[in-house]
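Only this structure's heavy atoms are used, side chains among them; waters, hydrogens and symmetry mates stay out. Order of the sequence lines fixes the chain letters, A, B, ..., with proteins taken first and strands second; residue numbering starts at 1 for each chain.
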There are 2 protein chains.
Amino acid sequence: MTDTTSRPRRRVRTTTASATAAPSDPVTLAGKATINDIARLTGVSKKTVSRVINDSPLVHPETREKVLALMKQLGYSPDPQARGLAFRRSFLIGLVYDNPTAQFIVNMQYGALDALRDSGYELVVHPCDSSKEDYIDGVRRFAQQQKLHGVILIPRVSEDEQLATALREIGVRYVRIASIPLDQASNMVVTHDRRAGTEAANYLESLGHRTLGLITGPRRYRSTIERGGGFLAGLAERGIELPPDYMFEGGYTFESGVAGAEYLLAKSPRPTAIFACNDEMAAGVYKAAMRRGLSIPGDLSVVGYDDSPLASQLWPALTTIHSPIRDLGRQAAQMLLANEAAAPAVPRTVTPQLVVRDSSQRPKA
Amino acid sequence: MTDTTSRPRRRVRTTTASATAAPSDPVTLAGKATINDIARLTGVSKKTVSRVINDSPLVHPETREKVLALMKQLGYSPDPQARGLAFRRSFLIGLVYDNPTAQFIVNMQYGALDALRDSGYELVVHPCDSSKEDYIDGVRRFAQQQKLHGVILIPRVSEDEQLATALREIGVRYVRIASIPLDQASNMVVTHDRRAGTEAANYLESLGHRTLGLITGPRRYRSTIERGGGFLAGLAERGIELPPDYMFEGGYTFESGVAGAEYLLAKSPRPTAIFACNDEMAAGVYKAAMRRGLSIPGDLSVVGYDDSPLASQLWPALTTIHSPIRDLGRQAAQMLLANEAAAPAVPRTVTPQLVVRDSSQRPKA
DNA sequence: CTGAAAGCGCTTACAG
DNA sequence: CTGAAAGCGCTTACAG
């Protein structure tokens with residue numbers, strides 16, 4: 001029984017009729033119509049409906065309108081699982097990460113979701129422990145079993161060449177967010193951490209600081225090499241050499257920031273400024289300075305990195321480098337959704353910016 | 001062509017053979033075997049394999065062993081999309097929330113993922129804006145289109161009766177995390193925020209504080225009523241009445257904590273202790289106190305709520321209430337996975353605990 | 001521009 | 001304890 005009007009009449013359901021006829025009452029169909037209902041009620045084949053769903057140009061405009069109108073009326077949306085089964089891939093994007101700060105994860109999620117909104121794709125979170133031998137297996141199984149449409153990799157897992165290789169082998173698309181171009185442009189979003197590190201150096205040098213301290217992240221993080229390296233390079237360019245014993249390898253944690261500052265503030269001459277490679281460690285510097293009775297920025301200027309909410313919540317508010325993390329997430333997800341043909345020749349790039357607040361000033365004479 | 005040995009020989013792939021025969025080489029099948037391959041290679045029907053997958057008791061132990069052995073050898077795991085299509089529901093759990101702190105979201109995610117690990121279920125994140133009229137529609141569409149197995153609701157969306165009703169109507173299971181039992185026991189995890197608020201009051205009273213200030217969250221949050229209400233009740237029980245003008249309605253943000261403290265610290269007599277209903281606002285109290293040259297805890301004791309990382313990163317370290325958020329997430333997810341028959345009569349309950357650190361002491365004489 | 005048939009990888013309902 | 005048939009809601013490959 002086919003209803004060829006584009007706007008089916010509402011029918012009163014009678015027991016006898018409804019028991020035998022295929023349901024065609026828009027009310028009962030609400031929210032659970034299938035491609036078959038759309039096809040039957042518009043009088044076209046389900047293949048044609050499928051073409052409309054997939055934006056095929058091979059559909060007569062009138063036919064398309066008719067189909068779209070009914071879809072809208074019934075609130076129909078195709079079943080992602082059925083499409084996925086037929087397509088042999090899902091409409092899920094995976095976000096894979098290894099224990100960055102909460103703010104980083106959440107901002108990244110918001111950014112990715114910005115791009116995914118109304119796309120029919122959903123975001124599946126997958127934290128992992130990259131220090132474990134078999135973590136790559138875990139990610140591979142996750143990607144393969146869910147037949148992910150793509151994966152977003154953020155530091156530090158984004159820096160793992162073996163992970164990227166594993167994903168390539170099973171044919172899962174990925175975007176790596178990292179501070180240098182580790183991969184072909186279509187798989188990368190690059191954050192210019194080096195440039196930002198240099199900016200921090202230029203800024204502190206221009207204020208007049210000559211004795212500086214540096215608290216880095218773990219050596220195995222690429223971001224540490226870039227942020228810290230950029231800082232050292234910036235100072236060197238301006239004729240300041242930072243001796244190795246004025247550098248401290250932290251762990252991107254508050255506690256390591258405290259430890260680093262305890263170490264640096266015990267030096268003689270004492271540094272008049274410290275650049276910490278993330279805000280959590282900078283907060284640790286505050287604690288150590290206060291314990292020693294040093295005022296910020298009177299006795300010590302502090303510059304952090306990330307511009308997390310913490311930065312503006314410290315007292316005095318922290319001068320830091322703003323990383324547009326939500327933007328990074330948005331761009332990465334967009335790339336995953338974009339047509340593969342639209343691959344850029346040059347990797348997308350994002351440059352963090354210095355945000356001057358109240359934790360930095362000229363050193364005392 | 002059926003291979004009935006439980007451990008199929010490895011075969012060299014020859015072009016002619018492989019082109020015509022169904023693939024049965026365990027190597028080529030790795031990671032992409034289907035239920036048909038398992039059935040064929042073990043010589044049983046796919047229905048029997050399906051029974052093994054679903055832990056049906058109606059399978060001869062030997063048959064089960066044979067099937068499981070081959071599954072393991074081939075690294076087979078059933079396709080969640082195909083199962084989902086047949087089951088008419090997915091293996092996805094939704095986490096729905098409206099802008100709590102980053103730390104809260106992330107801990108909740110970790111907790112839920114703890115419970116989901118190796119279960120075959122995945123976590124899909126769904127932030128939303130409950131101040132928008134149509135946010136319930138958005139959540140409903142999300143749940144219905146993805147045919148979610150269940151949804152975890154955290155404050156404040158967990159407190160929205162209309163949302164719960166909408167989910168019930170479309171037959172989607174949910175667990176609400178909230179500070180009072182709003183729903184039947186099988187759908188609730190209750191956090192005893194009231195009791196924790198009372199504990200904060202008892203603690204400060206026992207130190208000797210008599211003039212106290214309270215900074216609450218927004219009135220529309222149930223947690224505010226419970227935390228703040230418990231605090232007031234605790235004081236009242238000990239004979240202390242906190243006048244209304246020593247209460248300030250904040251917004252659970254750092255800035256509102258600053259504003260609340262500015263207001264309270266200008267009062268005469270000045271409170272010797274402030275209870276802030278979350279740590280972010282407590283951090284705001286620090287800022288306001290420092291600006292006024294008041295020392296913590298010398299001039300002012302401060303107690304927060306949440307025990308976020310911030311609490312131990314402030315200086316002095318913040319006395320606060322520890323909420324076991326990760327536990328909450330784990331329990332909620334477990335309930336969603338559990339057999340519906342195992343519904344408890346009494347809602348699961350979690351009681352936050354006071355953590356004394358360095359921001360509180362006896363008031364000056 | 002359109003459609004009938006077969007198939008994606010599973011499960012349900014039924015029969016034995 | 002086991003299996004053959006039909007079906008979940010879509011798409012591909014082919015034909016017109």
Checklist entry - For dT2(D), what is the paired nucleotide under Watson-Crick or G-U wobble rules, both distances under 3.5 Å? => result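 Here dT2(D) is engaged in a pair, and the nucleotide opposite it is dA15(C).
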Kindly say whether [Y] contributes a backbone atom to a donor-acceptor pair with the side chain of [X] at under 3.5 angstrom?
X      : Y       : answer
N54(A) : S56(A)  : no
D79(B) : A82(B)  : yes
S90(B) : Q146(B) : yes

Checklist entry - Which word best sums up how the rings of F142(B) and H126(B) line up, parallel for under 30°, tilted for 30 to 60°, or perpendicular for over 60°? => result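 If you compare the ring of F142(B) with that of H126(B), the planes turn out parallel.
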Item to check | Which residue lies more 5' along DNA chain D, comparing R88(B) with P61(B) via nearest heavy atoms | outcome: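 It is P61(B), whose closest nucleotide lies nearer the 5' terminus.
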Next on the checklist: Reading DNA chain D from 5' onward, which residue's closest nucleotide shows up sooner: L58(B) or A82(B)?
Outcome noted: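 Comparing both residues, the 5'-ward one is L58(B).
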Checklist entry - Given the rule in the side chain to side chain donor-acceptor pair (under 3.5 Å) test, do R168(A) and Y174(A) qualify, once you have shown the distances and angles that lead to the verdict? => result CA-CA 8 Å; R168(A) 240 178 279 125; Y174(A) 59 84; 3.0 Å; yes
Checklist entry - Is N54(A) touching bases, backbone alone, or none of the nucleic acid, heavy atoms closer than 4.0 Å? => result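 The residue N54(A) makes sugar-phosphate contact but no base contact.
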Checklist entry - How long is the span from the CG atom in L116(A) to the CD atom in Q109(A), to the nearest 0.5 Å? => result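 Rounded to the nearest 0.5 Å, the CG-CD separation comes to 11.5 Å.
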Item to check | Start and end of the DNA chain D segment that chain B contacts, any atom under 4.0 Å from a heavy atom | outcome: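 Nucleotide range with atoms under 4.0 Å of chain B: dC1(D) to dG9(D).
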